[in-house]
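Heads up: the structure comes next, in structure tokens.
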Amino acid sequence: MATKEEQPQALENKEEPKEDGELPLVVVLRPKSFNLPLEDRLQSHFHLLDPNDSPDESIESFLSRRAHSARALLCVGLTPLTADTLCLLPSLELVVGSSAGVEHIDLHECRRRGITVTGASAAFSEDAADYAVALLIDVLRRISAADRFVRGRNTILREANSTNLASSPSPSFAKPRPSRKSKSAKENALPFDLTSIPSKSKPSPAMAAKLKSPLPPRPPPSNSHKRKLSFESHGLDLGGKRVGIVGLGNIGSQIAKRLVAFGCSIAYNSRKKKPSIPFPYHANVWDLAANSDVLIVCCALTEDTHHIINKDVMTALGKEGVIINVGRGPLVDEKELVQFLVRGEIGGAGLDVFENEPDVPKELFKLDNVVLSPHCAVVTLESFAALQDLVMANLKAFFSNKPLVSLVQNE
Ligand SMILES: O=CC(=O)O
């Protein structure tokens with residue numbers, strides 16, 4: 001997700017790394033289950049203080065005992081960094097975040113204590129933008145629904161073949177089967193004459209005649225069977241769509257760049273109008289929605305942006321409108337969104353994030369105009385390599401008085 005814009009900024013009066021081999025202290029806060037992929041790189045430049053290395057001690061006791069003089073902290077993933085934890089770190093000057101969103105870091109307390117924060121949206125923005133566009137195309141063109149259809153149809157056909165349901169209507173891709181109607185009575189006759197089977201109880205002449213007659217036509221397939229074998233792919237194209245981007249930070253700007261190339265027109269909403277940006281600016285999201293076919297949500301989650309996409313915004317977006325969320329779940333009023341989708345009052349949604357992850361409202365599972373994804377818009381090998389470089393670059397810059405690489409604006 002886009003954070004408040006990140007720009008390099010010089011930090012004054014920081015000390016050089018120690019000449020005597022004593023490495024600068026860096027506190028690491030990470031979930032227990034999360035191994036640090038760049039641990040070796042970090043360890044060759046910094047002395048890491050990781051409470052997980054003292055599993056029998058509480059984090060509070062570890063930090064008070066060991067981290068009093070630490071000036072930098074690496075906050076891994078979405079580990080909460082609270083005012084209480086910051087209290088235990090009186091020398092802290094820098095928090096290096098490893099995620100694009102920084103709502104888990106108490107920014108207000110950092111500001112109050114004069115602690116600088118860096119984020120990772122610079123490392124993730126291109127992949128997150130690709131994913132937002134992919135979700136949008138998927139919703140418009142129903143790619144996931146088409147995939148489900150093909151898999152489902154193949155299952156039906158396999159079952160049909162194995163139970164010899166040869167009279168099912170042949171879907172266009174399947175090898176045409178000879179129609180039973182076109183066969184002559186002779187061809188359809190049983191392959192042997194039951195009347196010739198020696199039997200103690202020979203069938204009656206009437207029964208024998210019945211057994212020799214052509215097979216009765218099969219009943220027509222039920223509607224549900226038919227529905228599973230035909231795909232209503234009335235997709236919408238992307239070119240020419242009016243896309244409103246909510247949050248034009250690193251990720252939003254990359255989304256705009258991609259969608260311009262697809263022939264979309266772009267407008268945006270953010271806290272402030274950006275003088276260097278040529279796209280129309282809407283100071284409130286309702287206006288943006290009323291003038292858009294698609295809303296892409298990728299702003300930072302703050303008190304101000306919680307449920308920024310509410311009932312009124314969805315109504316303004318309208319029946320054909322599409323919402324894509326690659327930011328954070330609580331940016332969208334999810335209960336309302338579900339109602340709008342179920343009642344067909346909005347055109348579709350592509351959601352990588354949810355209000356109560358990993359829970360997803362079950363009403364969405366049956367909607368083909370909704371694409372669901374498990375919060376993985378930024379997850380690529382390339383973006384994780386870029387993240388490692390960014391973390392190292394910020395820490396090295398800090399300890400050698402150089403400008404930070406991805407500063408979070410914290411006003
Ligand atoms: O959601 C992912 C991130 O904030 O990095």
Side-chain angles (χ1 to χ4, degrees), residues 1-6 28-31 33-38 73-82 95-107 110 117-136 245-255 270 296-306 308-309 323-332 334 349-360 371-395 404-410:
M1 69 186 281
T3 56
K4 302 164 183 188
E5 306 85 88
E6 297 170 347
V28 177
L29 283 191
R30 66 178 168 97
S33 57
F34 196 100
N35 286 327
L36 261 188
L38 72 169
L73 178 147
L74 170 58
C75 186
V76 178
L78 299 180
T79 314
L81 179 53
T82 62
V95 170
V96 174
S98 74
S99 53
V102 287
E103 73 280 359
H104 56 294
I105 297 173
D106 188 332
L107 289 180
C110 286
V117 179
T118 65
S121 73
F124 291 147
S125 52
E126 300 207 353
D127 291 333
D130 288 350
Y131 208 81
V133 174
L135 284 175
L136 176 56
I245 300 181
V246 183
L248 205 71
N250 281 333
I251 295 172
S253 306
Q254 290 292 339
I255 292 172
S270 62
I296 301 188
V297 189
C298 52
C299 60
L301 176 62
T302 64
E303 278 175 12
D304 292 340
T305 59
H306 183 265
I308 190 171
I309 308 301
I323 293 177
I324 303 296
N325 189 1
V326 290
R328 288 287 185 260
L331 294 168
V332 176
E334 191 172 273
L351 306 171
D352 184 46
V353 285
F354 304 89
E355 281 214 73
N356 299 304
E357 290 175 17
D359 292 349
V360 175
V371 178
L372 304 169
S373 158
H375 199 150
C376 61
V378 304
V379 183
T380 65
L381 290 177
E382 290 83 357
S383 69
F384 275 80
L387 170 66
Q388 296 180 24
D389 292 344
L390 189 66
V391 164
M392 287 301 292
N394 276 313
L395 285 169
L404 292 171
V405 184
S406 55
L407 192 62
V408 171
Q409 296 283 322
N410 187 10

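Everything numeric here is computed off the predicted structure, so don't read it as measured data. One-based numbering, in listed order, for ligands and for the atoms of each.
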- Query: Are any side-chain N or O atoms of Thr305 and backbone N or O atoms of Ile308, one a donor and one an acceptor, separated by less than 3.5 Å?
  - Reply: no
- Item | Backbone N/O of Ala385 and side chain of Gln388: donor-acceptor pair under 3.5 Å | no
- Message: Taking distance alone, with N or O pairs closer than 3.5 Å, would you say Gly327 contacts ligand 1?
- Response: no
- Task: Verify, without hydrogens or angle tests, whether Glu355 (side chain) and Glu334 (backbone) share a donor-acceptor contact under 3.5 angstrom.
- Result: yes
- Task: Please determine, by modelled atom types, if Ser121 and Asn250 share a side-chain donor-acceptor pair under 3.5 angstrom.
- Result: yes
- State, with a plain yes or no, whether a side-chain heavy atom of Val379 is found less than 4.5 Å away from one of Phe384. yes
- Item | Atoms in ligand 1 with a heavy atom of His375 nearer than 4.0 Å | 1 (O), 2 (C)
- Message: Under 4.0 Å from a heavy atom of Gly101: which atoms of ligand 1 are those, numbered in the order shown and with their elements?
- Response: 3 (C), 4 (O)
- Heavy-atom side-chain contact between Tyr131 and Thr380 under 4.5 Å: no
- Short N or O distance, Ser99 and ligand 1, threshold 3.5 Å exclusive: no
- Query: So which of Arg328, His104, Glu103 gets nearest to atom 4 (O) of ligand 1, if we judge by its closest heavy atom?
  - Reply: Arg328
- Query: Is any N or O atom of Ala100, backbone or side chain, closer than 3.5 Å to an N or O atom of ligand 1?
  - Reply: yes
- Item | Close-contact set for ligand 1 against Phe124 heavy atoms, below 4.0 Å | 5 (O)
